[in-house]
Amino acid sequence: MRILCAAAAYPPYGKGGGPKASEAVAKALVARGHTVRVITVADNETFEVRDGVEVKTVPSLNVYWNYWVERPAITKLVWHVLENFNPRAYFRMRREISDFQPDVVMTISAENVNVATWVAAKSLGRPVVHMIHSYFLMCWRGTKFSKKGNCETPCWQCRLTSVGKKLCSQAVDAVTSEAAHTLAKHQKYGYFRNATGGVISGAVEQ
């Protein structure tokens, strides 16, 4: 099977467990005999094969890609607005999908590669799988946590800044999460209505 994996972050770029999780999934799929191409974002466009995985980086599809660097408030606002549906990401990812001709398109998180990837894949008749690794689709912080503590329900700011992400999630055919409660939260608030959901526990190499 040919699998196009659009990853919000992939080594050596990004921080935290997200890049490592993306790499682990891609390598595991290759080990099972699949042909995998990862599309992720960085400063420059590159292409290489690492551990059997085709890794292609593209320049930022949004106003920036590295959200670990402090930005002016207005720039952050523009970034968040575009994450609801970025036309630039739609056309770029549609081109990448057409070029690779995958059997399935998978997203691991959706920051930067954008929820428009799902729509691009569906427009080309490709099934879509999404792996949830945070609450980014529901919460602009990605954590469902504020100064008051854990957020039991989405606040009006998060609902307002997630309208497009919620709509685009209806293009997803299957969705997975590492924890049942994370998947249940998304489904409770109307995400992935058309998707088959399942829990796949995370694993790390020792």
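All heavy atoms count here, side chains included; hydrogens, waters and symmetry mates do not.
Nearest heavy-atom pair, S22 versus A9, reported as atom, atom and distance to 0.1 Å: OG-O, 3.2 Å. When all heavy atoms of A110 and A8 are compared, the closest pair comes out as N-CB, 4.3 Å. Minimum heavy-atom separation, A7 to V113: O-CG1, 3.4 Å. Nearest approach of E45 to P59, heavy atoms of both residues: OE1-CD, 3.6 Å. Pairing each heavy atom of V175 with each of A195, the nearest pair is CG1-CB, 4.0 Å. For the pair P11 and E23, the tightest heavy-atom approach, listed with the atom from each and the gap, is CG-OE1, 3.6 Å.
Annotation: side chain of H130 is in contact with side chain of L137 (closest heavy-atom distance under 4.5 Å). The closest side-chain heavy-atom distance from S169 to V115 is not below 4.5 Å. Contact annotation: the side chain of Y10 never approaches that of C5 to less than 4.5 Å [non-hydrogen atoms, C-beta and beyond]. Between I97 and L4, the closest side-chain pair of non-hydrogen atoms falls below 4.5 Å.
Summarising the geometry, atom OG1 belonging to T75 is positioned 10.5 Å from atom CD belonging to E70; distances are rounded to the nearest 0.5 Å. Within the model, atoms NZ of K122 and SG of C168 stand 13.0 Å from one another, a figure rounded to the nearest 0.5 Å. The OG1 atom of T40 sits 9.0 Å away from the OH atom of Y13 when rounded to the nearest 0.5 Å. Here the CE-OG1 distance, from M138 to T182, works out to 10.0 Å after rounding to the nearest 0.5 Å. A distance of 5.5 Å separates CG in N112 from CD in E83, rounded to the nearest 0.5 Å. Atoms CG and CZ, from L183 and F192 in turn, are 8.5 Å apart once rounded to the nearest 0.5 Å.
The closest donor-acceptor contact from the side chain of N84 to the backbone of T161 lies under 3.5 Å. A donor-acceptor contact shorter than 3.5 Å is absent between the side chain of R37 and the backbone of K56. A donor-acceptor pair under 3.5 Å is absent between the side-chain atoms of E96 and the main chain of R92, judged by distance alone. A donor-acceptor pair under 3.5 Å is absent between the side-chain atoms of T107 and the main chain of A6, judged by distance alone. N114 contributes a side-chain N or O that, together with a main-chain N or O of L82, makes up a donor-acceptor pair within less than 3.5 Å. In this structure, N86 contributes its side chain and L61 its backbone to a donor-acceptor pair below 3.5 Å. In this structure, D103 contributes its side chain and M1 its backbone to no donor-acceptor pair below 3.5 Å.
The hydrophobic clustering, which links ILVMFWY residues whose side-chain heavy atoms are closer than 4.5 Å, places V38 and M131 together. At a threshold of 4.5 Å between side-chain heavy atoms, the hydrophobic network of Ile, Leu, Val, Met, Phe, Trp and Tyr places L167 and V172 in two separate groups. In the hydrophobic cluster analysis, where Ile, Leu, Val, Met, Phe, Trp and Tyr join through side-chain heavy atoms closer than 4.5 angstrom, L29 is grouped apart from I39. In terms of hydrophobic clustering, with Ile, Leu, Val, Met, Phe, Trp and Tyr side chains grouped at heavy-atom distances under 4.5 Å, V58 and W65 are assigned to a common cluster. Taken together through direct or relayed side-chain contacts under 4.5 Å among Ile, Leu, Val, Met, Phe, Trp and Tyr, M93 and W118 form part of one hydrophobic cluster.
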Candidate pair R71 and N66, rule side-chain contact (heavy atoms from CB on, under 4.5 Å), full reasoning: CA-CA 10 Å; R71 312 281 179 176; N66 191 349; 3.9 Å; yes

Criterion side-chain contact (heavy atoms from CB on, under 4.5 Å) on F100 and T35, from CA distance to verdict: CA-CA 10 Å; F100 186 63; T35 300; 4.1 Å; yes

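The side-chain contact (heavy atoms from CB on, under 4.5 Å) test with M106 singles out one residue from V36, T176, I3, and that residue is I3.
For H186, the ring-ring contact (aromatic ring centres under 6.0 Å, His included) criterion is met by Y135, Y191, not counting sequence neighbours. Under the ring-ring contact (aromatic ring centres under 6.0 Å, His included) criterion, Y67 pairs with W79, sequence neighbours left out. Under the ring-ring contact (aromatic ring centres under 6.0 Å, His included) criterion, H133 pairs with no residue at all, not counting sequence neighbours.
Counting heavy-atom neighbours within 6.0 Å of Y64 OH, excluding the residue itself, gives a total above 12.
Remark: K165 qualifies as a cation-pi partner of F136 under the 6.0 Å distance and 45° angle criteria applied to the six-membered ring.
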